[in-house]
Amino acid sequence: MTKVLLTGASGLLGGNILKHALANKTLDILPTRLGGDFSVPEAFRGDKEILPLDIRSQTWLWNIISQWKPEVIIHTAALSEPGACEWQRETAEAINTRAVKFIADLCEHFGIRLIFISTDLVFDGTKGDYLETDPPNPLNFYAETKCRAEEIVASSLHDYVILRTSLLLGASPQSLRSLDERLKADGEAGKTMTFFTDEYRNPIAASVLADITLKLASGNNRSVTGLFHAAGKDKVSRFELGEKLCQKYGISRQFYKGARQDEVTLSVPRPKDTSLISDALLTVMNFPMPSLDEMITALP
Ligand SMILES: NC(=O)c1ccc[n+]([C@@H]2O[C@H](COP(=O)([O-])OP(=O)(O)OC[C@H]3O[C@@H](n4cnc5c(N)ncnc54)[C@H](OP(=O)(O)O)[C@@H]3O)[C@@H](O)[C@H]2O)c1
């Protein structure tokens, strides 16, 4: 059994990782979260208790890690909303950057493998089809904090994987966390939605990324290390994605429209094309990435 400590177990990705891990008998998972005001549904956690852990506390991290002795840490916890990061910079820096330094230091001290989730937003979006060798240039504070965290992980550890991912789709423990959950709710409420026609991403289902992450935590892929892009293989505009989701949920064309970024007042700078090429990871893992249409069909 591989002992895996998971941060962010109540989040969109963390919840999906926990759900997958429960079905994997080779993993002993310890799920943790900050501890909000909602319960994680049983569909995601089975009968597992989710431990409270504020990753901003070095002592709290030390106590859990030194007592439980994980072989792998999957670190998904973050302040992940760019708007919240822009307005709460000190909190964003503490959670997204300083806490990663604490975790990386403990991984080095105890010889723990670290799998850290980062974002396509580290790029400025002027080029698109980014490779791992392309230089980051974050446009907003969220992306800056994640970029600094990537540098900390890569410079302090040997046994690490950084997964830069894109828009995550799928059911979340909190519901209304993913784009498809929000879009469906807005559609049911009869709200009119606007999707950017000039913003490109490679969406990926959180359950697919969960599968990739757990395969990197145990088994044959334990020798895979370094920085990798981990996103869907289909590049789409937000409008194309929104339209596919509206069609899936039976939302009529009158309830959504397209707009260019420059037609809307943006509260936080948004890169236009942060599409990622993920071939390096898929090749090294021999992972069969589903198409976007297959992932959308599988959404609840
Ligand atoms: N969602 C996307 O489309 C997307 C795209 C690219 C990259 N990413 C990256 O993927 C990762 C997962 O994102 P997500 O969307 O799944 O996140 P999410 O749904 O926003 O969940 C965030 C998680 O972090 C936990 N957390 C927040 N502050 C914490 C703290 N101080 N100590 C411990 N835990 C804390 C939360 O716990 P509570 O619930 O208890 O507060 C929650 O479990 C993040 O690193 C994010 O940057 C996400």
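Remember, it's 1-based here, ligands and their atoms both numbered in the order they're listed. Fair warning: this is a prediction, and the values are worked out from it, not measured in the lab. When a residue number appears, it is its place in the shown sequence, counting from 1.
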request  = Number the atoms of ligand 1 from 1 as they appear, then name those within less than 4.0 Å of a heavy atom of A77, with their elements.
outcome  = 24 (O), 25 (C), 26 (N), 34 (N), 35 (C)

inquiry  = Main chain of T76, side chain of T7: is a donor-acceptor contact present, judged purely on distance under 3.5 Å?
reply    = yes

ask   = Which is closest to atom 7 (C) of ligand 1 by heavy-atom distance: A78, S80, S118, A94?
value = S118

ask   = Is the shortest side-chain N to carboxylate O distance from R98 to E90 below 4.0 Å?
value = yes

ask   = Considering only heavy atoms, does S166 approach ligand 1 within less than 4.0 Å through its side chain, its backbone, both, or neither?
value = backbone

query = Quick check: does G14 get an N/O under 3.5 Å from an N/O on ligand 1?
reply = no

ask   = What about R177: any of its N or O atoms under 3.5 Å from an N or O on ligand 1?
value = yes

note = Honestly, for I95 the part within reach of ligand 1 (heavy atoms, under 4.0 Å) is side chain

message = Between E81 and R177, does any side-chain N to carboxylate O distance fall below 4.0 Å?
response = yes

query = Out of L18, I17, I55, whose heavy atom is nearest to atom 30 (C) of ligand 1?
reply = I55

remark   = Per-atom filter on ligand 1: closer than 4.0 angstrom to a heavy atom of G11 are 16 (O), 18 (P), 19 (O), 21 (O), 42 (C), 43 (O)

task = Record the part of F116 in heavy-atom contact with ligand 1 below 4.0 Å; permitted values are side chain, backbone, both and neither.
result = neither

task = Look only at the side chain of K3 and the backbone of W68, and say whether a donor-acceptor pair between them is shorter than 3.5 Å.
result = yes

ask   = Is the shortest distance from a Lys or Arg side-chain nitrogen in D211 or K215 to a carboxylate oxygen in the other one below 4.0 Å?
value = yes

ask   = Just by modelled atom types, is the R270 backbone N or O under 3.5 Å from a matching donor or acceptor in the Q261 side chain?
value = yes

request  = Before signing off on this row, confirm whether L167 and ligand 1 have an N or O atom pair separated by under 3.5 Å.
outcome  = no

Distance-minimising heavy-atom pair for R56 and T91 = NH1-CG2, 3.9 Å

note = Quick note on ligand 1: atoms under 4.0 Å from a heavy atom of R56 include exactly 31 (N)

inquiry  = Counting only heavy atoms closer than 4.0 Å, does ligand 1 sit against the backbone of K146, its side chain, both, or neither?
reply    = side chain

request  = Just go through L168, I117, D120, T76 and tell me whose heavy atom is the nearest to atom 12 (C) of ligand 1.
outcome  = T76

Structural part of T7 in contact with ligand 1, heavy atom criterion under 4.0 angstrom = neither

ask   = Do any N or O atoms from the side chain of S178 and from the backbone of A171 form a donor-acceptor pair under 3.5 angstrom?
value = no

ask   = Hey, are E93 and R148 close enough for a salt bridge, meaning a charged N less than 4.0 Å from a carboxylate O?
value = yes

request  = Looking only at distances, please establish whether an N/O atom of ligand 1 is found under 3.5 Å from an N/O atom of L34.
outcome  = yes

query = Of R164, K235, R201, which meets side chain to side chain donor-acceptor pair (under 3.5 Å) against T274?
reply = R201

request  = State if D54 counts as touching ligand 1 under the rule of any non-hydrogen atom under 4.0 Å.
outcome  = yes

ask   = Do R253's NZ or CZ and the ring of Y256 fall within the cation-pi criteria of under 6.0 Å and 45°?
value = yes

inquiry  = Does ligand 1 come near enough to R33 that some N or O of the ligand is less than 3.5 Å from an N or O of the residue?
reply    = yes

